[in-house]
Amino acid sequence: MFTMDIPERERELMRDIERFNNQVDTLTMNTLIHLPKSIDYLASLLTVVAFCGEDKNAVTESKAQTAYPIKDLVQVFKKSDRCWPIKNAIVLFFYHIYLDTEKEMKEDIEFLNDLFIGMVEDVAFISTHHKTVYQLYSHKGIMDSKSAQDEYFFEGLIVCLSDIL
């Protein structure tokens, strides 16, 4: 079976995120967008692993941190712009795997700072820009962008930022 090497998968994911962002920029009300499979898959995977790391599960947290370094998560987060499903998954993952853990995070402070700034910028964006509502089709079915944005805001950002602050 042919499998792509990891750098190729990362490039494909970044291209899909860029295409998604370009689609969102040119949308009109109630347009249907299909969430690219690579983004949908990564968002689902990060969410599942995040919930596996709930309640300070040190072994799972350690393995997940090795598999998904904070540097890579921040890179995808910054590139994701208004792709709320992937941002929500990254924030949940960050919270359960990096933040709410048994051990303290002393390394990667620069990346943590970048992620924190990105979250604060998203709070500012969400509170001032909520005009365009488009339909988002993923493995969960069709949901409007406002619902995805609210899920990210209330279930991801608020929980994570309240723990940081």
Side-chain angles (χ1 to χ4, degrees), residues 6-7 9-27 33 35-54 61-62 64-101 103-134 136 138 140 143-165:
I6 295 208
R9 287 183 187 165
E10 290 174 5
R11 283 191 294 276
E12 178 184 339
L13 175 67
M14 291 304 182
R15 283 191 302 267
D16 286 347
I17 289 171
E18 193 166 319
R19 274 188 234 119
F20 179 86
N21 289 335
N22 290 338
Q23 275 185 301
V24 169
D25 288 341
T26 60
L27 288 179
I33 292 185
L35 191 63
K37 290 180 182 178
S38 62
I39 296 172
D40 199 13
Y41 175 79
L42 181 60
S44 299
L45 180 64
L46 289 175
T47 301
V48 168
V49 175
F51 288 120
C52 290
E54 270 186 329
E61 291 163 359
S62 178
Q65 288 174 5
T66 301
Y68 300 100
I70 191 73
K71 173 185 153 199
D72 295 345
L73 293 173
V74 170
Q75 180 184 5
V76 173
F77 185 88
K78 288 166 87 175
K79 185 87 170 170
S80 295
D81 198 24
R82 289 184 302 259
C83 185
W84 309 121
I86 194 73
K87 283 192 159 194
N88 190 40
I90 290 171
V91 168
L92 284 172
F93 185 87
F94 170 71
Y95 178 75
H96 290 295
I97 301 300
Y98 282 95
L99 193 59
D100 187 30
T101 60
K103 64 177 188 165
E104 266 189 54
M105 279 195 62
K106 294 180 182 167
E107 62 279 345
D108 299 325
I109 297 299
E110 175 187 334
F111 298 114
L112 294 174
N113 189 45
D114 289 346
L115 186 61
F116 179 70
I117 289 170
M119 286 189 260
V120 171
E121 288 171 351
D122 284 346
V123 168
F125 178 85
I126 290 169
S127 63
T128 58
H129 297 81
H130 49 287
K131 297 172 187 149
T132 304
V133 176
Y134 54 90
L136 185 61
S138 70
K140 295 179 182 178
M143 76 163 61
D144 65 79
S145 60
K146 184 69 177 134
S147 297
Q149 190 179 47
D150 288 347
E151 183 179 315
Y152 168 57
F153 186 80
F154 292 109
E155 296 175 20
L157 282 178
I158 297 297
V159 172
C160 192
L161 289 174
S162 66
D163 201 41
I164 291 172
L165 302 173

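The first residue in the sequence is number 1, and the count goes up from there.
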Heavy-atom side-chain proximity of L46 to I90 below 4.5 angstrom | yes

Check whether any side-chain heavy atom of M119 sits under 4.5 Å from a side-chain heavy atom of F94, and report yes or no.
-> yes

Option among Q149, E151, K146 that satisfies the side chain to side chain contact (heavy atoms under 4.5 Å, CB included) test with W84 = Q149

Measure the spacing between CD of E54 and OH of Y95 and express it to the nearest 0.5 Å.
-> 9.0 Å

Closest heavy-atom pair and its distance - E155, N88 | C-OD1, 4.4 Å

Under 3.5 Å, side chain of S145 to main-chain N/O of Y134, donor-acceptor pair present?
-> yes

side-chain contact (heavy atoms from CB on, under 4.5 Å) between L13 and E10, intermediate numbers included | CA-CA 5 Å; L13 175 67; E10 290 174 5; 5.7 Å; no

From CZ (R19) to CD1 (I33), nearest 0.5 Å | 13.5 Å

Minimum side-chain heavy-atom gap I86-F77 below 4.5 Å | no

Check whether any side-chain heavy atom of Y68 sits under 4.5 Å from a side-chain heavy atom of I97, and report yes or no.
-> no

L115 vs L73 side-chain heavy atoms within contact, under 4.5 Å = no

Non-neighbouring partners of K71 that pass salt bridge (charged side-chain N to carboxylate O under 4.0 Å, His left out), sequence neighbours left out | none

V76 vs M14, side-chain contact (heavy atoms from CB on, under 4.5 Å): CA-CA, chis, key distance, verdict = CA-CA 7 Å; V76 173; M14 291 304 182; 3.6 Å; yes

Y41 OH: over 12 foreign heavy atoms closer than 6.0 Å | no

Just how far is it from atom OG of S44 to atom CD1 of I39, taken to the nearest 0.5 Å?
-> 11.5 Å

Report yes if the side chains of V24 and D81 come closer than 4.5 Å at any heavy-atom pair, otherwise no.
-> no

Main-chain N/O of R82 paired to K87 side chain as donor or acceptor, under 3.5 Å = no

Report yes if the side chains of F20 and L136 come closer than 4.5 Å at any heavy-atom pair, otherwise no.
-> yes

Rounded distance [0.5 Å steps], CD1 in I17 versus OG in S80 = 4.0 Å

Report the relative orientation of the aromatic rings in H96 and F51; use parallel for angles under 30°, tilted for 30 to 60°, perpendicular for over 60°.
-> tilted

Minimum heavy-atom distance between A43 and A89, given as atom pair plus value | O-CB, 3.3 Å

Could you tell me whether D40 and K37 have a side-chain N and a carboxylate O separated by less than 4.0 Å?
-> no

Looking at side-chain heavy atoms only, is the closest gap between L99 and C160 below 4.5 Å?
-> yes

Nearest 0.5 Å please: distance from the SG atom of C83 over to the CD atom of Q23.
-> 10.5 Å

Can any side-chain N or O of Y98 pair as donor or acceptor with the backbone N or O of I70 at less than 3.5 Å?
-> yes

